[in-house]
Amino acid sequence: MIACAAATLALVVAQMAPSFAAGNPQAEGLTEQIVETTPREGVYQRSLLSRKATQGEKWLVVSFPGYPGILRLAQKNGVIEYELKGNFLVRARRHLVSNDIAVATLDCPSDQLADCGDAYRASDKQVRDVEAQIEALKAIVGPQVKVALIGTSYGTVSTEILALKLGGKVDAVIHTASITMPRLERGLVLNGIDLSKATMRQLLVHHQDDPCDLTPFAPLKKYEGVIPIMRVKGQDNPHGAACQAFTAHGFVGRERVVMNSIGDWLVNDHLTETIE
């Protein structure tokens, strides 16, 4: 165990997962490990850290997958296991990882594995938990890295709230397939949030034909000229329900170019306004 100011930290290094949807991390030249923190008494939280370089990355990206955001990360018989393999940010993380970018896919904390809903995501608990993960991850990747958050779909409940609460502690936030029409108990905490008040760099990435009724493209137009918007067009072999990960909502068929373009924006400050 390694002590640090924010949390007691355990680093669990495991063999690479044998595969994840549409790719093999070893074939992509990635190394992966589980990073565990105990940010609150009796609570642990894990993330899956994916790297291509062994040192010198410029960015650490902390990733918030879509609904329900519960990965149940674990190591069993030396193999990393997790759920939500088909989620856009989970299956496409290998396209964002580079010699300049390390990606940590965040699981929900142990006291939220039944729901991980709006109440937690809007709470100060989430702020403390994420700060503890960032500190632990920087202890591995290096203190020099800039930190970005990225969320997709329901994960943008976290990234939008944290963009307003973590000013000065993160350098960029990327919201993909954002919830633009919250309803019922999912995403209602976003009502009234104005992302233009956040102080760090931000990027909105959205498919112009997103079919999910929670995430239509049109409401994002209020941020045109205020927050950069990356508009995605086209899809390959969509299947499943509208709000699931293998439709335009999950950028199916555009995973590599979307992630590469996000990386280009982070590292080189170059915006690709339209992806076809």
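All of these numbers come straight from a predicted model, not from anything done at the bench.
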Notebook entry, point to check: Given the rule in the salt bridge (charged side-chain N to carboxylate O under 4.0 Å, His left out) test, do Arg201 and Asp171 qualify, once you have shown the distances and angles that lead to the verdict?
Noted result: CA-CA 6 Å; Arg201 292 171 65 198; Asp171 301 283; over 6 Å; no
Checklist line | For the student: nearest non-hydrogen atoms of Asp236 and Gly253, plus distance | finding: OD2-O, 3.6 Å
Note to self: Between Arg183 and Asp213, is there a side-chain heavy-atom distance shorter than 4.5 Å?
What the structure shows: yes
Notebook entry, point to check: Which pair of heavy atoms, one from Gln45 and one from Pro39, lies closest together, and at what distance?
Noted result: N-CD, 4.2 Å
Notebook entry, point to check: Tyr44 and Val130: same hydrophobic cluster, using ILVMFWY side-chain contacts below 4.5 Å?
Noted result: no
Notebook entry, point to check: Is there a donor-acceptor contact under 3.5 Å from the side chain of Asn260 to the main chain of His95?
Noted result: yes
Margin query: Could you see if Leu214 belongs to whatever hydrophobic cluster contains Phe64? Use Ile, Leu, Val, Met, Phe, Trp, Tyr and a side-chain cutoff under 4.5 Å.
Written below: no
Checklist line | Between Ser158 and Gln126, a side-chain donor and acceptor under 3.5 Å | finding: yes
Next item on the list: For Gln235 and Arg254, work out which heavy atoms get closest and say how close.
Entry: N-NH2, 3.5 Å
Margin query: Strictly distance-based, threshold 3.5 Å: is any side-chain N or O of Ser153 a donor or acceptor partner for the main-chain N or O of Gly155?
Written below: no
Check: Can Arg93 and Glu32 be said to form a side chain to side chain contact (heavy atoms under 4.5 Å, CB included), step by step?
Finding: CA-CA 11 Å; Arg93 68 188 185 275; Glu32 301 196 301; 3.0 Å; yes
Note to self: Could you report the tightest heavy-atom contact between Leu96 and Met259, atom names first, then the distance?
What the structure shows: CD1-O, 3.6 Å
Checklist line | Minimum heavy-atom distance Val157-Gly187, with the two atoms named | finding: CG2-CA, 3.9 Å
Checklist line | Greater than 12 external heavy atoms within 6.0 Å of Lys146's NZ | finding: no
Notebook entry, point to check: Between the side chain of His206 and the main-chain N/O of Leu204, is any donor-acceptor distance below 3.5 Å?
Noted result: no
Notebook entry, point to check: Between Ile275 and Met230, is a side chain to side chain contact (heavy atoms under 4.5 Å, CB included) present by the stated rule, with each step listed?
Noted result: CA-CA 7 Å; Ile275 294 174; Met230 188 179 293; 3.5 Å; yes
Next item on the list: Might you work through the salt bridge (charged side-chain N to carboxylate O under 4.0 Å, His left out) test for Arg186 and Asp115, ending with a clear yes or no?
Entry: CA-CA 11 Å; Arg186 297 298 175 190; Asp115 182 58; 2.9 Å; yes
Next item on the list: Could you please spell out the steps behind the side chain to side chain contact (heavy atoms under 4.5 Å, CB included) verdict for Arg121 and Val189?
Entry: CA-CA 9 Å; Arg121 292 171 189 267; Val189 291; 5.7 Å; no
Note to self: Just by distance, no angles: are the side chains of Gln133 and Ser47 close enough, under 3.5 Å, to form a donor-acceptor pair?
What the structure shows: yes
Next item on the list: Kindly indicate whether a cation-pi arrangement holds for Lys85 with Tyr82, taking the cut-offs as under 6.0 Å to the six-membered ring centre and within 45° of the axis.
Entry: yes
Check: Taking atom types as modelled and ignoring hydrogens, do the side chains of His175 and Gln202 form a donor-acceptor contact shorter than 3.5 angstrom?
Finding: yes
Check: In terms of hydrophobic clustering (I, L, V, M, F, W, Y; side-chain heavy atoms under 4.5 Å; direct or indirect links), are Leu106 and Ile70 co-clustered?
Finding: no
Margin query: Same cluster or not: Val226 versus Leu220, using hydrophobic residues (I, L, V, M, F, W, Y) connected whenever any side-chain heavy atoms lie under 4.5 Å apart?
Written below: yes
Checklist line | Backbone N/O of Leu188 and side chain of Asp118: donor-acceptor pair under 3.5 Å | finding: yes
Check: Would you say Trp265's side chain and Thr272's backbone share a donor-acceptor pair under 3.5 angstrom?
Finding: no
Next item on the list: Using the rule that two of Ile, Leu, Val, Met, Phe, Trp, Tyr join whenever any of their side-chain heavy atoms come within less than 4.5 Å, decide whether Leu195 and Met181 are in one cluster.
Entry: no
Note to self: Less than 4.5 Å apart, side chain to side chain, heavy atoms only: is that true for Asp209 and Val232?
What the structure shows: no
Check: Which heavy atom of Pro65 sits nearest a heavy atom of Thr105, and at what distance?
Finding: CG-CG2, 3.8 Å
Item checked: side chain to side chain contact (heavy atoms under 4.5 Å, CB included) between Arg94 and Leu30, worked out -> CA-CA 8 Å; Arg94 67 193 187 280; Leu30 304 187; 3.7 Å; yes
Checklist line | Arg91 to Phe246 six-membered ring, cation-pi geometry met (6.0 Å, 45°) | finding: yes
Margin query: Run Lys165 and Glu131 through salt bridge (charged side-chain N to carboxylate O under 4.0 Å, His left out) and show every step you take.
Written below: CA-CA 11 Å; Lys165 290 187 174 184; Glu131 287 177 333; over 6 Å; no
Next item on the list: Please say whether more than 12 non-hydrogen atoms of neighbouring residues, nucleotides or ligands are located less than 6.0 Å from NZ in Lys58.
Entry: no
Checklist line | Short side-chain donor-acceptor distance under 3.5 Å, Ser98 and Asp100 | finding: no
Item checked: salt_bridge(Arg40, Asp129) N-O dist < 4.0 Å -> yes
Next item on the list: Ignoring hydrogens and angles, tell me if any N or O in the side chain of Arg231 forms a donor-acceptor pair with the backbone of Thr274 under 3.5 Å.
Entry: no
Next item on the list: Please answer whether the main-chain N or O of Leu71 pairs with a side-chain N or O of Asp107 as donor and acceptor at a distance below 3.5 Å.
Entry: yes
Next item on the list: Have a look at His249 and tell me which of Thr176, Thr215, Thr152 forms a side-chain hydrogen bond (donor to acceptor under 3.5 Å, both in side chains) with it.
Entry: Thr215
Check: Taking C-beta and beyond as the side chain, do Val147 and Lys138 meet within less than 4.5 Å on heavy atoms?
Finding: yes
Check: Say you draw a straight line from CD of Glu83 to CZ of Arg72; how long is it, rounded to the nearest 0.5 Å?
Finding: 5.5 Å
Check: Would you call the rings of Tyr67 and Tyr154 parallel, tilted or perpendicular if under 30° counts as parallel and over 60° as perpendicular?
Finding: perpendicular
Check: If only atom types and distance count, is the side chain of Asp194 paired as donor or acceptor with the main-chain N or O of Ser196 below 3.5 Å?
Finding: yes
